[in-house]
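Here's the structure we're looking at; comments come further down.
Values reported hereafter were calculated over all heavy atoms of this structure, with side chains retained and with hydrogens, waters and symmetry mates removed. The chains referred to below are lettered A, B, ... by the order of the sequence lines, with proteins before strands, and numbering in each begins at 1.
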Amino acid sequence: MALAVGMRVLTRALLRPWARGLRVAPGRTGPAAGGGDGMRCFGSPRVLVEPDPAAGVAVVKMRNPPVNSLSLEFLTELLISLEKLENDKTFHGIILTSDCPGIFSAGLDLTEMCGRKPEHYVEYWKAVQETWLRFYLSNLVVIAAINGVSPAGGCLLSLTCDYRVLANNPKYTIGLNETLLGIVAPFWFKDTMVNTIGHRATERALQLGLLFPPAEALRVGVVDQVVPEDQVQSTARSVMAQWLAIPDHARQLTKTLMRKPTADRLLTERDADIQTFVRFICRDSVQKSLHAYLEKLKQKKG
Amino acid sequence: MALAVGMRVLTRALLRPWARGLRVAPGRTGPAAGGGDGMRCFGSPRVLVEPDPAAGVAVVKMRNPPVNSLSLEFLTELLISLEKLENDKTFHGIILTSDCPGIFSAGLDLTEMCGRKPEHYVEYWKAVQETWLRFYLSNLVVIAAINGVSPAGGCLLSLTCDYRVLANNPKYTIGLNETLLGIVAPFWFKDTMVNTIGHRATERALQLGLLFPPAEALRVGVVDQVVPEDQVQSTARSVMAQWLAIPDHARQLTKTLMRKPTADRLLTERDADIQTFVRFICRDSVQKSLHAYLEKLKQKKG
Amino acid sequence: MALAVGMRVLTRALLRPWARGLRVAPGRTGPAAGGGDGMRCFGSPRVLVEPDPAAGVAVVKMRNPPVNSLSLEFLTELLISLEKLENDKTFHGIILTSDCPGIFSAGLDLTEMCGRKPEHYVEYWKAVQETWLRFYLSNLVVIAAINGVSPAGGCLLSLTCDYRVLANNPKYTIGLNETLLGIVAPFWFKDTMVNTIGHRATERALQLGLLFPPAEALRVGVVDQVVPEDQVQSTARSVMAQWLAIPDHARQLTKTLMRKPTADRLLTERDADIQTFVRFICRDSVQKSLHAYLEKLKQKKG
């Protein structure tokens, strides 16, 4: 308990430096906030929150079109939504899902890593670290309703959740495919994957940059359940009910017991991890390769 | 080898302070000790030992009715039986099973944790730690013949064994279900579970307090084998023969190689773990909740 | 990257003391080196290298009849072949297989551990450590085409590879069966096995000295694929193509990310591990038991 409390204070303190000054829209009421019933809504431009206070659950929909790239701004909004829900005693669980058809999240935003100043890379990487830490250790039950493709950072985001339901669509692959882009997952991406599917499966998946289609994702353990596409949300709801039946306090402490040692590795090596990232991303070869990749994407769209 | 020897000395030294002065019945010969053949028997009131010297095996039957609660006295008798069998060169393996119909062990004895003085909690928790350490690192082959339900501490006890055979009765569930009672498993319960079924399965099972019925227990790996109820003892015997075919010394060193790092975590944090337990159990809210639970149990029986 | 480079320098430095003065045949061209096309060949008397420069792949065939015992001389030749292939930019992957019918490798050479001086045991154990380190961390893709029985050190060698294809012949068992000989696997054998098949399966397999036939080896995860005997080499080739499609640099760094922590345990305890081995092997009882075993083998052949 003392441990859990200490940890939260720590992540908040860490959050502040870069989150400070960000525009937030507290108490904004949007059209999707529950049918005009005056329900308080934590939504922000890119993060749609649909609260169900009776159930103690909020559905958090990622809406950063076209592919829910995890930009600095989007990550910030996600974290602020999470923090608000955590601080609101009404809520015990959230369902994390996507509002962008066919895409859960395409992962880290490459434009945040290309052609910017080192200070920007530092700020961005802090946000990525913080997102992982906050979701991985959230005192809320977090269930991923994965309704689209989920490569790299999108997969990582789902791995921070307590349970993963994937829509049974062969296009909806999921995995840490960083090597395919010529880059390397940081150690805490790897640790999260090892905790989920074990050492050997991770070794193979990460080296080959495997993106698992639903049946294989289930077999290897990247996701916990695969259901027909139109049942992803309802399944996530049922699973949530099972998790919320457990006394909150004991469940939270048990989650901390399981995950704190892994989180501690990043907490103690946070600065070194930032430096490793910035050094890597500032290399000419990496910048060139990212630039070429982004150009190719642009032409595809054009 | 040096390692193994050092370890045993250590656990003995640790055992002494609280075991000192306990009434033991060394050399007692009971009716169940082998049909009046004058066989020396290590039994005690709550622990029935059926030796088969020809096979080098002893069956240790837990007999603390009605549910084999792991009381301080019962744990002490269990440990003394174990130590005697370990010190007797005749024996190379034991089969741990229950003499209480339908129950392997209901786990820790809540009456030891409710309405007592802090000193009692300290003494009790030392015994629980010691039981885990001694069984987990025993130089004997220990096979669990699980012939009944096995929640919480009952599951932990079986997890210390080298092999688990579970009777195929849908009522005989097994798991670390502490969260259901609003409490949290200590880190070494968790470590033992992770060593057995892996990180992800443990994360889910411990948070949800899952009690696995036989088929699922086998699938997830909590037990090694599920057999018809009337074949549990004979299967345990056959498995034992396979284990005893391995040269004792090499097998013992290999067991130490596998388990010592996990045991070391508790050995180095033993006092802190006691303090954590006592602090937790002394809380008003925990005492109230345990008291209410015990009252409910009493009324059920009454 | 810095990490990877540092590591290689280290293993080279470590290699030198005992490799110094070994007779090597650099640039030797043998009859098996590609049909007289003048292809440069790295082969040595016991290690046949068949290069396919167009594919960037070399097939490394172990040829230390009758059973590919890992003698000091054979290990040295293996390591020199590996180092040369690693230093030749032409090659990105190797397929490790056997030239001895029905045997991949029988493991460590017991004659190197019996009736020699302590200095010899030191030298031999350094070579065994080095072989594990160099293969486990090789910057090449290493695929094992396991075309025969593979106990103990033979199994370990295959576990250092990135992928294992086993011929579907019930005689071709694989496993760390050290306890059957009354000896104990060193901790890094155990670590490699745990990384491959998990803690519980390793605990059981190592204590019982299990040798898995193909179907079981696949089920437990000791190997990645089981194919008909005449398809082992072609399957290894196809798998290699999949691995070589990944950008080299990112794949190598990811391999380091996965394996360096395990290798570091040996690197930091290298001397202690040698001392443990030498102390163990110098015991009268061990020497007697090895001697008796070798005599029995001799009589079998005679």
Interatomic distance, CG@B/Leu159 vs CZ@C/Arg200, rounded to 0.5 Å, equals 9.5 Å
Which atoms of C/Thr202 approach chain B - backbone, side chain, both or neither, heavy atom under 4.5 Å:
both
Could you tell me the separation between the OG1 atom of B/Thr254 and the CZ atom of C/Phe189, rounded to the nearest 0.5 Å?
12.0 Å
Could you check if a side-chain atom of B/Tyr163 sits within less than 4.5 angstrom of a side-chain atom of C/Glu203, using non-hydrogen atoms only?
no
Tell me whether C/His120 at atom NE2 has more than 12 heavy atoms from other residues, nucleotides or ligands lying less than 6.0 Å away.
yes
Could you tell me whether the side chain of C/Leu180 reaches within less than 4.5 Å of the side chain of B/Arg251, counting heavy atoms only?
no
Turns out that what part of B/Ile246 lies under 4.5 Å from chain C's heavy atoms comes down to side chain
Contacting moiety of C/Leu210, where chain B heavy atoms sit under 4.5 Å:
side chain
Would you say B/Gln242 and C/Leu208 make side-chain contact, with heavy atoms under 4.5 Å?
yes
Looking only at non-hydrogen atoms, find the nearest pair between B/Ala250 and C/Ile183 and report the distance.
CB-O, 3.7 Å
Straight-line distance of C/Lys190 NZ to B/Met258 CE, nearest 0.5 Å
6.0 Å
Give me the atom names and distance for the closest heavy-atom approach of B/Leu257 to C/Ala185.
CD2-O, 3.4 Å
Using side-chain contact (heavy atoms from CB on, under 4.5 Å), reason through C/Phe187 and B/Lys260 one step at a time and then give a plain yes or no.
CA-CA 11 Å; C/Phe187 74 86; B/Lys260 193 71 189 3; over 6 Å; no
Answer yes or no: is there a side-chain heavy-atom contact under 4.5 Å between B/Asp162 and C/Gln207?
yes
